[in-house]
2 protein chains.
Amino acid sequence: MRSDARANRDRVLAAAEEVFGEAGGAGSTEEVARRAGVGIGTVFRHFPTKQALVEATVVRHLTLLADTARARGEAADAGAAFRETFREMVFTAPAKIALLALLEVPAGEAVAAATVLREAVADLLSRGQQAGEVRVDATVSEVYVLITALANVRGDRAVLERAVGVVLDGLSPQAS
Amino acid sequence: MRSDARANRDRVLAAAEEVFGEAGGAGSTEEVARRAGVGIGTVFRHFPTKQALVEATVVRHLTLLADTARARGEAADAGAAFRETFREMVFTAPAKIALLALLEVPAGEAVAAATVLREAVADLLSRGQQAGEVRVDATVSEVYVLITALANVRGDRAVLERAVGVVLDGLSPQAS
DNA sequence: TATTATCCGGAGTGAAGACTCCGAATGAGA
DNA sequence: TCTCATTCGGAGTCTTCACTCCGGATAATA
């Protein structure tokens with residue numbers, strides 16, 4: 001792979017993360033090309049389809065999240081680790097496109113990345129439960145639903161913050 | 001207004017509720033026309049713009065929700081009234097398009113309808129708080145955010161049900 | 001029934017956007 | 001430096017979709 005090719009690929013991916021993070025699936029490939037400072041042809045050589053481009057972006061982001069989640073799993077305070085990861089997934093802007101992988105027909109790599117992340121969350125959840133910091137009747141399914149639901153909210157950050165607080169309270173052992 | 005005109009208008013509106021309820025803003029006007037058993041021209045005569053059609057649908061639905069919410073406000077058990085309304089707003093399928101009114105530039109009538117509903121929810125909330133069934137530090141803002149966030153979740157009904165349960169627990173007085 | 005204002009249907013228009021194609025440019029090895 | 005396989009750029013194609021237009025149909029009224 002030629003050096004300029006690799007550089008362009010990276011710039012396209014970064015631009016895609018920006019565009020889809022802002023506009024969701026409605027973002028156009030032309031806009032991605034413009035922000036990457038690249039022709040449309042270049043975008044489509046690296047990613048033969050818009051779907052493929054979106055997927056690559058999602059995979060990159062999910063992998064990143066899974067890594068930090070796993071790293072936090074080693075931490076001492078299991079409850080804090082769980083809550084921090086929850087917050088990060090909700091607030092990290094490009095996470096908002098994670099749903100695209102679910103709404104559209106998800107392809108192989110995206111599914112794999114999503115599974116890895118989900119397992120990391122499951123691990124944090126059960127550690128939190130064992131530490132007595134998370135209610136024991138909660139399953140990964142609803143935790144995941146709550147995360148993705150909140151991740152798609154646009155609007156006042158402060159309000160979202162309070163909403164997350166309410167949900168985390170609902171996940172505490174006292175709430176059950 | 002001629003009788004056939006009124007009948008067609010109603011059928012279009014019903015079809016729109018279906019289509020947008022399923023596909024969101026991505027639903028096409030042609031599909032609406034087809035399901036209404038009507039030509040495209042007819043759709044556009046009654047609603048000069050797709051935006052107008054979406055709005056009319058949203059207004060109709062918001063108004064309906066506001067009515068039931070207000071009716072429930074009279075009920076004896078303030079806590080139950082609040083929770084029921086919360087659930088209804090999350091689960092009623094076409095509610096899922098309520099966000100369209102927020103994402104797009106919302107016009108006069110839609111804003112009015114949304115405001116009415118929001119006030120009805122605010123009323124139920126404060127009654128619930130006075131009855132000691134809802135935590136007093138919760139404001140309408142985050143309650144609304146939680147509702148719309150959950151309303152946009154697609155997928156397993158049972159999981160969503162449990163997620164709603166967690167959130168309602170988080171809104172109980174014990175959780176604060 | 002006759003008249004007509006109103007309404008209907010759907011082919012047609014224009015814009016937007018995903019994707020293709022190929023001549024020009026360029027990185028890397030001889 | 002020279003050569004050429006690789007990559008780039010962006011004009012052009014094709015499809016989709018919102019929206020228009022008007023000849024034909026139809027409800028309401030006398």
Side-chain angles (χ1 to χ4, degrees), chain A residues 1-59 97 99-101 103-107 109-110, chain B residues 1-59 97 99-101 103-107 109-110:
Chain A
M1 194 174 198
R2 243 167 63 176
S3 65
D4 54 346
R6 161 149 299 293
N8 277 333
R9 205 192 121 95
D10 290 348
R11 286 163 67 188
V12 167
L13 220 44
E17 188 136 352
E18 258 187 55
V19 171
F20 296 137
E22 291 169 14
S28 73
T29 358
E30 274 185 53
E31 178 64 25
V32 172
R34 197 177 313 125
R35 288 211 206 176
V38 146
I40 315 177
T42 303
V43 174
F44 277 96
R45 190 166 334 94
H46 288 293
F47 307 94
T49 283
K50 182 183 178 178
Q51 174 81 8
L53 175 57
V54 171
E55 246 173 59
T57 312
V58 169
V59 167
I97 64 168
L99 84 161
L100 287 179
L103 289 180
E104 313 293 330
V105 188
E109 235 184 321
Chain B
M1 196 173 197
R2 241 167 65 176
S3 63
D4 54 346
R6 163 149 297 293
N8 276 334
R9 205 192 121 94
D10 291 347
R11 286 163 68 188
V12 167
L13 221 44
E17 188 136 352
E18 257 187 56
V19 171
F20 296 138
E22 291 169 15
S28 74
T29 1
E30 276 184 52
E31 178 64 25
V32 172
R34 197 176 313 124
R35 289 212 206 177
V38 147
I40 315 177
T42 302
V43 174
F44 278 96
R45 189 164 337 92
H46 288 293
F47 307 94
T49 284
K50 182 184 178 178
Q51 174 81 10
L53 176 56
V54 172
E55 247 175 57
T57 312
V58 170
V59 167
I97 64 168
L99 84 162
L100 287 178
L103 289 180
E104 313 293 332
V105 187
E109 234 185 322

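Every heavy atom of this structure was used, including side-chain atoms; hydrogens, water molecules and symmetry mates were not.
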Asker: Report yes if at least one side-chain N or O of A/Thr29 is closer than 4.0 Å to OP1 or OP2 of C/dA18; otherwise report no.
Answerer: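 Indeed, a polar side-chain atom of A/Thr29 lies that close.
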
Asker: With DNA chain C as reference, determine whether B/Asp4 or B/Glu30 sits nearer its 5' end, using the nearest nucleotide of each.
Answerer: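 Its nucleotide being nearer the 5' end, the pick is B/Asp4.
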
Asker: Could you tell me whether the side chain of B/Arg11 reaches within less than 4.5 Å of the side chain of B/Asn8, counting heavy atoms only?
Answerer: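 Counting from C-beta outward, B/Asn8 and B/Arg11 do come under 4.5 Å.
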
Asker: Rounded to the Å, how far apart are A/His46 NE2 and D/dG9 C1'?
Answerer: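 After rounding, the reported distance stands at 12 Å.
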
Asker: Expressed as a whole number of angstroms, how long is the span from B/Lys50:NZ to D/dC19:P?
Answerer: 8 Å

Asker: Check whether the side chain of A/Arg45 and the base of D/dT7 form a donor-acceptor pair under 3.5 Å.
Answerer: no

Asker: Mind checking what makes side chain to side chain donor-acceptor pair (under 3.5 Å) contact with B/Arg2, not counting sequence neighbours?
Answerer: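 Only B/Asp4 meet the side chain to side chain donor-acceptor pair (under 3.5 Å) criterion with B/Arg2.
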
Asker: I would like to know whether B/Val58 and B/Phe20 meet side-chain contact (heavy atoms from CB on, under 4.5 Å); could you show each step before the answer?
Answerer: CA-CA 10 Å; B/Val58 170; B/Phe20 296 138; over 6 Å; no

Asker: Whole-Å distance between C/dC8 C1' and B/Asp10 CG?
Answerer: 16 Å

Asker: Assuming nearest nucleotide by heavy-atom distance, tell me which of A/Thr42 and B/Thr49 is located more 5' along DNA chain D.
Answerer: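 It is A/Thr42 whose nearest nucleotide is closer to the 5' end.
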
Asker: What is the distance, to the nearest angstrom, from the CG atom on B/Asn8 to the C1' atom on D/dA27?
Answerer: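 In whole Å, D/dA27 C1' and B/Asn8 CG are 12 Å from each other.
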
Asker: For the base of D/dT7, is there a side-chain donor-acceptor partner from A/Arg2 under 3.5 Å away?
Answerer: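 Between D/dT7 and A/Arg2, which were checked side chain against base, a qualifying N/O pair under 3.5 Å is absent.
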
